[in-house]
Amino acid sequence: MSELYQHRARKRFGQNFLHDAGVIHRILRAIHARSGEHVVEIGPGQGALTEGLLGSGAKLDVIELDKDLLPLLQMRFGIDPNFTLNAGDALKFDFNSLVADGNKLRVVGNLPYNISTPLIFHLLEHAAIIEDMHFMLQKEVVERLAATPGGGDWGRLSIMVQYHCRVEHLFNVGPGAFNPPPKVESAIVRLVPHAVLPHPAKDHRLLERVVREAFNQRRKTLRNTLKQLLDAQAIEAAGVDGSLRPEQLDLAAFVRLADQLALQTAPE
Ligand code: SAM
């Protein structure tokens, strides 16, 4: 950290800065950026990961919301021709604007925990232009992302992310690796958008609707939770047992339910 500049971590920007060199190296090794690639770092902060990412020779765009951090980032990395600083909110950022060179994006970030779920949903809308994503998240969120059917972690987040991506829970990181330390355990996750969707829905918005409705009351049977959308006959036509609870269904079964809904809503 520069002696010329002391930044006080801000809670409202979810600032927990990485300072453990071992953890930083482990994350950089997992990402394994290479020259010729196009990496996008969300929330570079004081540059803990930025330095190693740039060192790989990859082209690097960073997106930082906290205006107070911009001079520091520009001072540390501005001289590198591969570095571009984008000031603003990653939730509103148009990722399409970065793919003019035809290269898919590798998105990385030690994410502010308060925006991680909406940010992942925002990025899934751009899945076609993303090679992969590596994020530091709350461990509990990573467990939900990587969950399998049947358990309490399986829900809307698991299903919608696994619809688009392969999910790998890489490793856990304790609070001591950060300054200030967060109150929760963290973990690194890798998300790789499928080249071909394994279970494509006729309309993925209907999948979202069925999943949201089903998990609104996760302890009830599907027959009950879905009654506004699908009757018992339609559930049966999807090959689903209506007496099950939503957490017992896998992604393929939710897609079949969404496709039944698509049949019902299709114009005559
Ligand atoms: N990457 C740094 C590190 O590992 O030390 C900082 C990580 S800190 C958990 C999160 C960073 O994201 C902060 O720099 C914060 O200012 C920034 N940030 C918060 N909300 C953001 C947003 N909506 N868009 C872009 N950056 C954001």
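Ligands are counted one by one from 1 in listed order, and the atoms in each one are counted from 1 as well. Heavy atoms only: backbone and side chains are in, while hydrogens, waters and symmetry mates are out.
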**Message:** For N224 and Q217, which I'm curious about, is there any donor-acceptor pair between the side chains at under 3.5 Å?
**Reply:** no

**Those protein residues which place at least one heavy atom below 4.0 Å from ligand 1** = F13, G14, Q15, N16, F17, L18, E41, G43, P44, G45, A48, I63, E64, L65, D66, L69, G88, D89, A90, N110, P112, I115

**Item:** Salt-bridge contact D153-R144 (side-chain N to carboxylate O under 4.0 Å)
**Value:** no

**Message:** Tell me which one of E41, E37, E131 satisfies salt bridge (Lys or Arg N to Asp or Glu O under 4.0 Å) with R106.
**Reply:** E37

**Request:** Kindly say whether the aromatic ring centers of H122 and F95 come within a distance under 6.0 Å.
**Result:** yes

**Asked** Looking at residues at least two apart in the chain, or sitting in another chain, which of them share a salt bridge (charged side-chain N to carboxylate O under 4.0 Å, His left out) with E168?
**Response** R166, R190

**Message:** So for atom CD, which belongs to E185, do other residues, nucleotides or ligands contribute more than 12 heavy atoms lying within a distance under 6.0 Å?
**Reply:** yes

